[in-house]
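Here the structure is a predicted model, which is why all the values come from computation and not from measurement. A, B, ... follow the sequence lines: proteins, then strands. Residue 1 opens every chain.
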Number of protein chains: 2
Amino acid sequence: MSLRDDILVESRDMLIKQGFGKVSMRKIAKKVNVSATSIYLHFKNKDDLLLALVESSIEKLSDALKDQMVSSDDPVAKLEKMANSFLKFAIENPQEYEIIYMVRHEEMPKYPKEKFEQIRKIYEMLAEIIREGQENKLFQVEDPLMSAYTLWAQLHGVASVVISKRLDTRIPSGEFMSQAKNHIIQGFITQKTPV
Amino acid sequence: MSLRDDILVESRDMLIKQGFGKVSMRKIAKKVNVSATSIYLHFKNKDDLLLALVESSIEKLSDALKDQMVSSDDPVAKLEKMANSFLKFAIENPQEYEIIYMVRHEEMPKYPKEKFEQIRKIYEMLAEIIREGQENKLFQVEDPLMSAYTLWAQLHGVASVVISKRLDTRIPSGEFMSQAKNHIIQGFITQKTPV
DNA sequence: AATATAACTTAACGCTGTTAACCATGCTTT
DNA sequence: AAAGCATGGTTAACAGCGTTAAGTTATATT
């Protein structure tokens, strides 16, 4: 395994175990038995290294979601599965999930957009499900792609409140997420306005 | 005005203008014409200072939402107004909004819970609206307080994706938010399952 | 054999949060 | 009035940070 890979492995481990604030170039270097400056031979700077971690976390999430897509269920069930595995991934890999949202896109205009191609593909996938539901008159949406983004944003909000422990102690997080998921899906479903 | 207040004013200003990463004790000190260590006479440490900022940002948001509560509209309209002003606040005061979500609760178990009383009150307020709608059979929810949390979480997800510029460039953020708001509210409304 | 390139090092710069020790001022108690 | 003490400030210093510049050493190419 190359030094570059060692750095990635160790820094991811450090990020997951100790959190974002405690990761430093010097500590990573010590872990892989190399001088701190050596890292700069493989990564432009700290941000660049972190971005590499973001990328691979996105890939993990992407894989977790894709696995759910093999089924030939109806769109509602598909969406539900997606929502489930999204939340499951976030809760089971909280640090991994947080890595994805760690770096602000605006702070890295220098980085090639292709790096985020993967995440765009997930959105397209969601949009496809929604489009299918729209055609079957199951979902009531204006623009499937936009709805894919709102769906994800809603799910992210739910995941993030749980992960960052902002939930009221009176509320069990499992029920919260399942309840939230229902509300979110419900929000897309076609309905006759109540009397 | 006391030095403590000066520090708060300047550090808030710095936080809003330059962002979280660029705020340092020394820079704040320079701005208020005092040595860096003097800040420690008024705040335990940097986290403590930031928490004071969080508190007052929460109060601002809380005020913005409370202002919407005077009306005697029906629950649906009320919820819509709340959602609108929540998103409006977030978009118009992005840095202020981010301050609220900056500090992780788990990282500050030392701080008194009463500090977050204000935010809890907002939740109770939302829960009250939802409870009202529930009794009028307008909303279909299990637990109004839990639903208040899911509502907020979803709104936060939407606000956060816009603020941190994660939205696809093809999607106009105004429409995105309005669309998302509709989905979110829709998710609470009682409905007859479609045929 | 000479040279280029790659992978690494040490030393240093200018930041950072935070602590320790010190000093002046003004209030309280003797 | 003298002594003591709390308050609000100071400077100096520590350890750690990201990053750069310059130097070294080994390997591959010509």
So, do A/Tyr149 and A/His156 have ring centers that fall under 6.0 Å from each other?
no
Please confirm whether the backbone N or O of A/Tyr101 pairs with a side-chain atom of B/Arg166, one donor and one acceptor, at under 3.5 Å?
yes
Might you list the N or O atoms of the protein lying below 3.5 Å from N or O atoms in nucleotides 16-19 of chain C, with each pair's distance?
from   : atom 1 : to      : atom 2 : distance (Å)
C/dT16 : OP1    : B/Ser24 : OG     : 2.9
C/dG17 : OP1    : B/Met25 : N      : 3.1
C/dG17 : OP1    : B/Lys46 : NZ     : 3.0
C/dG17 : OP2    : B/Met25 : N      : 2.9
C/dG17 : N7     : B/Arg26 : NH1    : 2.3
C/dG17 : O6     : B/Arg26 : NH1    : 3.3
C/dG17 : O6     : B/Arg26 : NH2    : 3.0
C/dT18 : OP2    : B/Tyr40 : OH     : 2.8
C/dT18 : OP2    : B/Lys46 : N      : 2.9
C/dT18 : O5'    : B/Tyr40 : OH     : 3.3

Rounded to whole Å, CG of A/Asn33 lies from P of C/dA7 at a distance of 19 Å
When you measure from the side chain of B/Asn45 to the backbone of B/Asp47, do you find a donor-acceptor pair of N or O atoms at a distance under 3.5 Å?
yes
Look at B/His42 and D/dT7 and indicate whether a side-chain polar atom (N or O) is within less than 4.0 Å of OP1 or OP2.
no
Between C1' of D/dG9 and CZ of B/Arg4, the distance in whole Å:
17 Å
Which whole-number value in Å describes the distance from A/Leu41 CG to D/dG23 P?
17 Å
If I take atom CD in residue A/Gln18 and atom P in nucleotide D/dG16, what distance separates them, rounded to the nearest angstrom?
14 Å
Please state whether the phosphate of D/dT10, meaning OP1 or OP2, lies under 4.0 angstrom from any side-chain nitrogen or oxygen of B/Ser35.
yes
Single-linkage hydrophobic cluster, 4.5 Å side-chain cutoff, B/Leu41 and B/Leu51 together
no
Does the A/Asn93 side chain pair with the main chain of A/Phe89, one donor and one acceptor, at a distance under 3.5 Å?
yes
Taken to the nearest whole Å, NZ/B/Lys30 to P/D/dT11 is 12 Å
Rounded to whole Å, please give me the gap between CZ in A/Phe43 and P in D/dT20.
16 Å
Spell out, as yes or no, whether a donor-acceptor pair under 3.5 Å connects the side chain of A/Ser62 to the backbone of A/Ile58.
no
